[in-house]
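Below: the structure, in structure tokens.
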Protein chains: 2
Amino acid sequence: MMATDPIERRSGIALWRQIADRMRQGIATGTLAPDGRLPPELALSERFGVNRHTLRSAIASLVQEGVLRAEQGRGTFVTERRRLSYPISSRTRFSAGLEGQARERRSLLLSHAVEPAEPAVAESLGIAAGTPVLRLETVSEADGRPISRATAWLEAARFAGFADVYAESRSITAAFARFGIADYLRKSTLVTARHADPVDLADLGLSPGAIVLVTVAVNVDIEGRPIQFSETRFAADRVELSIQN
Amino acid sequence: MMATDPIERRSGIALWRQIADRMRQGIATGTLAPDGRLPPELALSERFGVNRHTLRSAIASLVQEGVLRAEQGRGTFVTERRRLSYPISSRTRFSAGLEGQARERRSLLLSHAVEPAEPAVAESLGIAAGTPVLRLETVSEADGRPISRATAWLEAARFAGFADVYAESRSITAAFARFGIADYLRKSTLVTARHADPVDLADLGLSPGAIVLVTVAVNVDIEGRPIQFSETRFAADRVELSIQN
DNA sequence: CCTATTTGTCTATTGTTCTATACAATTAGA
DNA sequence: TCTAATTGTATAGAACAATAGACAAATAGG
């Protein structure tokens, strides 16, 4: 199966990268190294139908990513790291959602700015286009690994000074509480996937060609008024989205 | 912004492919060709910092995909095709979900087989591992374009002959109805994303490096008993998942 | 301590991708 | 009808990816 599938040549994707992608997949599903040890390079190169050096390039990139660990004379081993499951429901919260899956969860404010609302943002927040909105750029980590990169918009007039409160508390939920919003709900979530762009690549510490899961969501207060519009990019090989019905 | 982001070299992904990915993205968000006409090749090649021929390769692949249309002497134009929005809720249905977004929706049964349940399948269906299950391999299309590729498992004893009924009616909902299940609910959905494997590439008519959104779901009858376990691969550039809370 | 197995390094060759330059063909507009 | 702008084609060289073969270095096991 994995052995017989031919690798596509001159497809614009280097063989070593195609192999790296398939090895990452095989490792995740446990079909490639059930015991945590990779087959020898020579065996793998024959299985994929490429030269040993090409296969070594694939391994090198997975070592770089932290998925594998090579030891001269011994073999190449999988560095175990399970995918986090991020729950999406009407009560989606970053920190609470990952509780029990990671010891340490935190969010970092990268930057913030007040700007006129783009049409899409304005519509989601239920305000007129051009109304000043606060834009927050954040990164969330679990156990020191970047998990997601978010851009959030809030109405500037209603949430003046929100950025400072957020930077200090490092929690959206806590910051909202300071603005009199004890509870909030997720109204809608849109999920797409795409290749990570150079910015996400850098902020999430991914390698080129990596995939991000993108969620576009609207949060509303208990009266149903939109308070936050956000686009979050999750590193697809570190997170899965768990939808609660 | 898109102008200043440098393209990554020797990343294992050909420059023309990286540029094609970013152009597809830019076209989808409307930042690259707001009026439906692409900037001239020379301007774009300078913007991306590559040779005109490299940029032409990117355009050629997007023309091949049907995203662009080039006309000598006039320019290169976007062939409008919006992304379908696939709703996921407790009442997820393929055909009904895409109503109003595509004139024609249909599913095709590629193959089916009865086999012993793998542990993961068994657990989700609430049966013992090894119990015979019916596996269905299907492709769903909207207006003739492949949208998703699914693998579904049902308990073989309870749904004997299901495959024939499904092949004939071309609808899971209709087939369930014939087995006395007038209504069913989606219990859970897990969403991940990865590169399309060679099989999905072929079945969905994608080009190498394409991304698939993967949903793993369990459907239950009105009494809450699991009746179907499925893994669906959506072409990420044709579909977005819309989560209803 | 020796041997087989495995990963690491080196050099050379071939094929593919990207660049550079030039010019042809088509279209739109003055 | 002429010109400018644009896409299409051709050719050659430079940079990069993949193959091939040989051997070094570390490890595990008899």
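In what follows, chains carry the letters A, B, and so on, assigned in the order in which the sequence lines appear, proteins first and then strands, with residues in each chain numbered from 1. None of the values given here were measured: they were computed from a predicted structure.
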Measure from [atom1] on [X] to [atom2] on [N] and round the result to the nearest Å.
X	N	atom1	atom2	answer
A/Gln18	D/dA18	CD	C1'	13 Å
A/Leu44	C/dT5	CG	P	17 Å
B/Ile13	D/dA18	CD1	P	12 Å
B/Phe48	C/dT19	CZ	C1'	18 Å
A/Leu15	C/dG15	CG	P	15 Å
B/Glu41	C/dT19	CD	P	14 Å

List, one per line, each side-chain donor-acceptor pair under 3.5 Å for residues 111-119 of chain B, sequence neighbours excluded.
unit_1   : atom_1 : unit_2   : atom_2 : d
B/Glu115 : OE1    : B/Arg135 : NH1    : 2.6
B/Glu115 : OE2    : B/Arg135 : NH1    : 3.4
B/Glu115 : OE2    : B/Trp153 : NE1    : 3.3

Which atom of A/Leu204 lies closest to which atom of A/Arg233, heavy atoms considered:
CD1-O, 3.9 Å
Residues forming a side-chain contact (heavy atoms from CB on, under 4.5 Å) with [X], sequence neighbours excluded:
X	answer
B/Ala150	B/Thr138, B/Thr232
B/Arg145	B/Arg81, B/Arg238
A/Ala236	A/Ile211, A/Leu213, B/Ala193

Could you encode protein contacts along nucleotides 20-30 of chain D as a string, one character per nucleotide from 5' to 3', using B for base contact, S for sugar-phosphate-only contact and - for no contact, with a heavy-atom cut-off of under 4.0 Å?
BB---BBBS--
Could you list by number each residue of residues 54-62 of chain A showing a heavy-atom separation from DNA chain C of less than 4.0 Å, or answer none if no residue does?
A/Arg56
Side chain of A/Arg37, heavy atoms from C-beta onward: which of C/dT6, C/dT7, D/dA18 has the nearest atom to it?
C/dT6
State which residues pass side chain to side chain donor-acceptor pair (under 3.5 Å) with [X]; sequence neighbours excluded, sorted by chain then number.
X	result
A/Arg83	none
B/Ser242	B/Gln244
B/Arg52	B/Glu41
A/Glu71	A/Arg69, A/Arg74

The test is side-chain contact (heavy atoms from CB on, under 4.5 Å); show your working for B/Glu65 and B/Leu206 and say whether it passes.
CA-CA 8 Å; B/Glu65 276 180 47; B/Leu206 298 171; over 6 Å; no
Considering residues at least two apart in sequence or located in another chain, which fulfil the salt bridge (Lys or Arg N to Asp or Glu O under 4.0 Å) criterion with B/Arg17?
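With sequence neighbours excluded, B/Arg17 shows a salt bridge (Lys or Arg N to Asp or Glu O under 4.0 Å) to no residue whatsoever.
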Looking at B/Trp16, does any N or O in its side chain come under 4.0 Å of the phosphate oxygens OP1/OP2 on C/dC18?
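Yes, because at least one side-chain N or O of B/Trp16 sits under 4.0 Å from OP1 or OP2 of C/dC18.
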Rounding to 10 degrees, work out the angle separating the end axes of the helix from C/dC1-D/dG30 to C/dA30-D/dT1 (five pairs an end).
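Computed angle between terminal axes is 30°.
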Pick the closest DNA chain C nucleotide for B/Ala14 and for A/Leu42 by heavy atoms, then say which residue is nearer the 5' end.
A/Leu42
